[in-house]
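First up is the structure itself, then whatever we jot down about it.
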Amino acid sequence: MTDVLIHENDSFAVLVVVEDKADPGNPKDITGATLSAVAVDVHGNTTAPDTLTATNPTQGEITVVFDKNKLTTGKYRLQVRVDLGSEAQIVINQKFTVAPAYT
């Protein structure tokens, strides 16, 4: 995934598909998993998403949503973690930038 650019006051939604390490290229069934996500800015400040949902768990799909006005101008890294049984994995560690809002 390339770096993402959004603007302040925009909402921001990401669809994450968890790949099965035992079967590369195929989605992992994350039914029953505990999910966590955070946007971390360059100063280490964290912002939790407004919505974090396993939208299609049998296909490994997770939707992360930050509502409008949630993120301020700056550089961030989105991290999504999946805990399933004895497995724990950060499944995305994506850079993104929030630019000043259009006026």
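Just the heavy atoms: all of them, side chains too, but no hydrogens, waters or symmetry mates, feed the values below.
In this structure, NZ in Lys75 is found 12.0 Å from CG in Asp41, a value given to the nearest 0.5 Å. One distance of note links CD1 of Ile62 with OG1 of Thr51; it measures 13.5 Å at 0.5 Å rounding.
Ion pairing between Asp10 and Lys68 fails under the 4.0 Å rule for side-chain N and carboxylate O.
At a threshold of 4.5 Å between non-hydrogen side-chain atoms, the residues Val4 and Thr97 do not count as touching. Residues Val98 and Thr72 form no side-chain contact, since every pair of their non-hydrogen atoms from C-beta on lies 4.5 Å or further apart.
By the side-chain hydrogen bond (donor to acceptor under 3.5 Å, both in side chains) test, Thr31 is found to be paired with Asp29, residues two or more places apart in sequence or in another chain being considered. For Asp67, there are no side-chain hydrogen bond (donor to acceptor under 3.5 Å, both in side chains) partners, not counting sequence neighbours. Glu87 pairs by the side-chain hydrogen bond (donor to acceptor under 3.5 Å, both in side chains) definition with Lys28, not counting sequence neighbours.
Using modelled atom types, one side-chain atom of Glu8 and one backbone atom of Thr73 make a donor-acceptor pair closer than 3.5 Å. A donor-acceptor pair under 3.5 Å is absent between the side-chain atoms of Arg81 and the main chain of Ile90, judged by distance alone. Of the possible donor and acceptor atoms, none in the side chain of Asp20 sits under 3.5 Å from a partner among the backbone N and O of Pro24.
Between the side chains of Thr63 and Thr53, no donor-acceptor pair is found at a separation under 3.5 Å.
In terms of hydrophobic clustering, with Ile, Leu, Val, Met, Phe, Trp and Tyr side chains grouped at heavy-atom distances under 4.5 Å, Tyr76 and Val38 are assigned to different clusters.
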